[in-house]
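Right, one structure below, let's go through it.
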Amino acid sequence: MSSARAFHIETIRGKDLRDGKVPAVSRQRARTEATRRKLLAAAEKTFARDGFEAARLEDIAALAGYTRGAFYANFKSKEDIFFALLEHWLSERIAEVNALLAQQETPAKRLRALREHYAQIAKDRRLALLSLEFKLFAIRHPEAHARLRARQRRFRACGGDVVRRIAKTTGHTLPISYTAAATGLGALSNLLLLEHLVDPTTITAQDIRHLLGVFFDAVLGTKSSR
């Protein structure tokens with residue numbers, strides 16, 4: 001771009017700002033982000049109601065107040081919007097854990113706080129069921145499987161980093177990798193929740209909390225001083 005053209009563009013931008021006008025590019029970006037948020041919220045409700053495979057793009061778009069064209073302008077497929085949701089959920093969970101640990105003053109308190117948080121995560125029925133359903137779908141579809149595997153590795157590595165920091169500050173040595181520990185903790189939580197949803201009389205919410213606490217202590221090689 002020539003210096004004269006660049007100066008002309010900057011002059012227009014400066015005039016827009018002085019006049020209190022929002023540049024067209026910024027307005028378009030804001031509209032696009034608002035559309036994506038509405039579609040993601042609609043997808044979350046639709047997936048929770050119908051399940052992943054039964055959910056239809058038309059229903060997601062209609063619930064958000066848009067057409068299929070608007071959906072495809074923001075997401076390539078139903079799998080694409082699910083991955084966006086999955087990333088949002090897992091990012092929120094990692095942020096929650098990091099914020100929780102940052103509030104604790106000592107390694108022992110951080111360990112207890114992480115143990116308590118872990119014992120509570122089995123309550124997230126939405127994430128557990130949708131994750132399980134999508135994993136079963138992905139295993140049967142190679143392209144989705146490859147994408148899920150790549151995303152899982154990245155997020156599992158984040159979970160492993162949390163376990164690593166806790167283990168090092170408390171002086172514990174794990175017999176398995178930190179990533180494997182984080183993966184095992186999450187997997188057991190999801191499976192116990194699934195069994196509870198099938199028959200809550202067989203395994204109660206209190207049973208789940210107890211079992212998750214025992215497993216946490218076994219993995220981290222410590223006993224909770226509750």
Side-chain angles (χ1 to χ4, degrees), residues 43-55 79 82-83 85-98 100-101 111-142 144-164 166-167 172 174-224 226:
E44 182 175 355
K45 291 179 181 178
T46 304
F47 288 145
R49 182 190 67 207
D50 303 334
F52 174 76
E53 292 209 61
E79 292 89 343
F82 181 85
F83 276 118
L85 274 175
L86 183 63
E87 184 154 350
H88 174 69
W89 292 333
L90 294 178
S91 295
E92 277 189 338
R93 176 168 290 180
I94 290 170
E96 286 174 3
V97 171
N98 286 328
L100 176 67
L101 296 180
L111 183 65
R112 286 196 297 271
L114 184 60
R115 185 187 193 274
E116 182 63 22
H117 174 81
Y118 170 64
Q120 294 282 353
I121 64 174
K123 291 181 178 180
D124 195 344
R125 166 178 173 165
R126 171 203 57 176
L127 180 57
L129 290 181
L130 283 177
S131 294
L132 175 61
E133 185 180 3
F134 189 78
K135 285 174 184 176
L136 293 174
F137 169 83
I139 289 172
R140 298 191 299 269
H141 298 80
H145 191 183
R147 289 186 68 187
L148 179 62
R149 187 165 53 237
R151 296 289 181 93
Q152 287 258 115
R153 285 176 179 172
R154 182 159 58 89
F155 283 112
R156 294 304 187 198
C158 292
D161 183 62
V162 171
V163 174
R164 177 190 62 79
I166 289 293
H172 296 299
L174 273 63
I176 57 177
S177 72
Y178 301 119
T179 299
T183 302
L185 290 167
L188 179 61
S189 174
N190 287 340
L191 289 174
L192 288 176
L193 175 58
L194 182 63
E195 292 298 330
H196 173 72
L197 292 174
V198 171
D199 185 358
T201 64
T202 300
I203 181 166
T204 67
Q206 186 59 37
D207 292 333
I208 291 177
R209 283 177 51 80
H210 176 75
L211 289 169
L212 291 179
V214 170
F215 189 60
F216 182 93
D217 296 339
V219 170
L220 279 236
T222 184
K223 292 184 178 179
S224 173
R226 300 180 70 183

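Within the 4.5 Å cutoff, no side-chain heavy atoms of T202 are placed close to those of D207. Considering only heavy atoms from C-beta on, L136 comes within 4.5 Å of R140 through its side chain. Within the 4.5 Å cutoff, side-chain heavy atoms of L188 are placed close to those of L212.
Applying the ring-ring contact (aromatic ring centres under 6.0 Å, His included) rule to F134 yields the partners F52, F82, F83, F137; only residues at least two apart in sequence or on another chain are considered. For E44, the salt bridge (Lys or Arg N to Asp or Glu O under 4.0 Å) partners two or more places apart in sequence, or in a different chain, are R126. Partners of L211 under the side-chain contact (heavy atoms from CB on, under 4.5 Å) rule, at least two apart in sequence or in another chain, are L192, I203. Residues passing the ring-ring contact (aromatic ring centres under 6.0 Å, His included) test with H145, sequence neighbours excluded: none.
Without hydrogens or angle criteria, R93 side chain to W89 main chain gives no donor-acceptor distance under 3.5 Å. Proximity of a side-chain donor or acceptor of Y118 to a complementary backbone N or O of F216 within less than 3.5 Å is not detected.
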Could you list the donor-acceptor pairs under 3.5 angstrom formed between side-chain atoms of residues 154-162 and any protein atom two or more places apart in sequence or on another chain?
| unit_1 | atom_1 | unit_2 | atom_2 | d |
| --- | --- | --- | --- | --- |
| R154 | NH2 | E87 | OE1 | 3.4 |
| R154 | NH2 | E87 | OE2 | 3.3 |
| D161 | OD1 | R164 | NE | 3.1 |
| D161 | OD1 | R164 | NH2 | 2.6 |
| D161 | OD2 | R165 | NE | 3.2 |

Which side-chain N or O atoms in residues 174-184 pair as donor and acceptor under 3.5 Å with protein atoms at least two apart or in another chain?
| unit_1 | atom_1 | unit_2 | atom_2 | d |
| --- | --- | --- | --- | --- |
| S177 | OG | A180 | N | 3.0 |
| T183 | OG1 | T179 | O | 2.8 |

For E96 and H117, run side-chain contact (heavy atoms from CB on, under 4.5 Å): C-alpha distance rounded to whole Å, both residues' side-chain angles, the deciding distance at 0.1 Å, then the answer. CA-CA 10 Å; E96 286 174 3; H117 174 81; 4.2 Å; yes
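Separating the CD atom in E92 from the CD1 atom in I94 is a distance of 11.0 Å, to the nearest 0.5 Å. Atom-to-atom distance recorded for L148:CG and K135:NZ is 7.0 Å, nearest 0.5 angstrom. A distance of 10.0 Å separates NE2 in H196 from OG1 in T201, rounded to the nearest 0.5 Å. Atom CD of E116 sits about 9.5 Å away from atom CG of L100, to the nearest 0.5 Å. Between the NE2 atom in H210 and the OG1 atom in T204 there is a gap of 10.5 Å [rounded to 0.5 Å].
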